[in-house]
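Scroll down for the structure; my scribbles are underneath it.
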Amino acid sequence: MGIEKAYNSWADIYDSNENKTRDLDKKATVETLEKYSFESVLELGSGTGKNTAYLIQKAGKIICLDFSEKMLLKAKEKIADPKVQFIKSDLNKNWKLSDNFADLITCSLTLEHIKNLDKLFKQAFKKLKKDGKFFICELHPIKQYLGTKALYETDNGIQELEVYTHHLSDYLESALNTGFKLLEIKEWFDNGNDEKKQLLKIPRLISFVFEK
Ligand SMILES: C[S@@+](CC[C@H](N)C(=O)[O-])C[C@H]1O[C@@H](n2cnc3c(N)ncnc32)[C@H](O)[C@@H]1O
């Protein structure tokens, strides 16, 4: 099943099924972005609007791009705010948006579905204002090496999604070659960052803040 179709069928239960990755991403997003101010935001792979609901408390305008009709529908049911614009759009194609408009671009749990990171980073760079920030939070590459991937349960068993493994160097090379500066990099553990001190504990997520 293609990625778009899989998210269409996951949408109904995406917010309610057990999902440690989703929950930890929410924490990572809030904890990281709390200290930044932003007015104009572009959210890539916004899904059911889990993070949009947080971003709208701080932003004046948000554009959300996602190619899953059903995920977008769920988000629209939850967030009826004129400050938010949901646009059905494939991130692999050209984003039909003005350049230099965003103070912040966010992308959570989406890049594992994007094969060509270079193209996405280049587009993100263009859409950001000077000094704008690009926040990314993804399944940690170590988790990917060990076989973890986006999946959900259906009546017919587990449905795994099509994913691409991105090494740490892939993110950094794409970003730095595009012209971004790295401001923050952080690993997120299931039981808080005290786990970092424990041998053999594997971080679930990795997050970055880049600056144009
Ligand atoms: C795991 S969900 C994450 C949703 C949200 N960011 C969150 O953290 O809850 C991944 C989202 O990326 C979207 N997505 C994946 N590949 C995409 C693409 N090529 N273009 C647009 N959206 C895409 C999916 O439709 C889905 O809504």
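Quantities reported herein were computed from a predicted structural model and do not represent experimental measurements. First listed ligand is number 1; within each ligand, the first listed atom is number 1.
- The stretch residues 81-103 participates, sequence neighbours left out, in no ring pair (Phe, Tyr, Trp, His ring centres under 6.0 Å) pair at all.
- Centroid-to-centroid, the aromatic rings of Phe210 and Phe208 come within less than 6.0 Å.
- For Lys88, the side chain to side chain donor-acceptor pair (under 3.5 Å) criterion is met by Glu4, not counting sequence neighbours.
- More than 12 heavy atoms of other residues, nucleotides or ligands lie within 6.0 Å of NZ in Lys119, so this atom counts as buried by the packing criterion.
- In this structure, Asp25 contributes its side chain and Thr21 its backbone to no donor-acceptor pair below 3.5 Å.
- Residues passing the side chain to side chain donor-acceptor pair (under 3.5 Å) test with Asp15 are Thr48, Lys78, sequence neighbours excluded.
- Protein residues having at least one heavy atom under 4.0 Å from any atom of ligand 1 are Tyr7, Tyr14, Asp25, Gly45, Ser46, Gly47, Lys50, Asn51, Asp66, Phe67, Ser68, Met71, Ser89, Asp90, Leu91, Asn92, Ser108, Leu109, Thr110, His113, Ile114, listed by chain and number.
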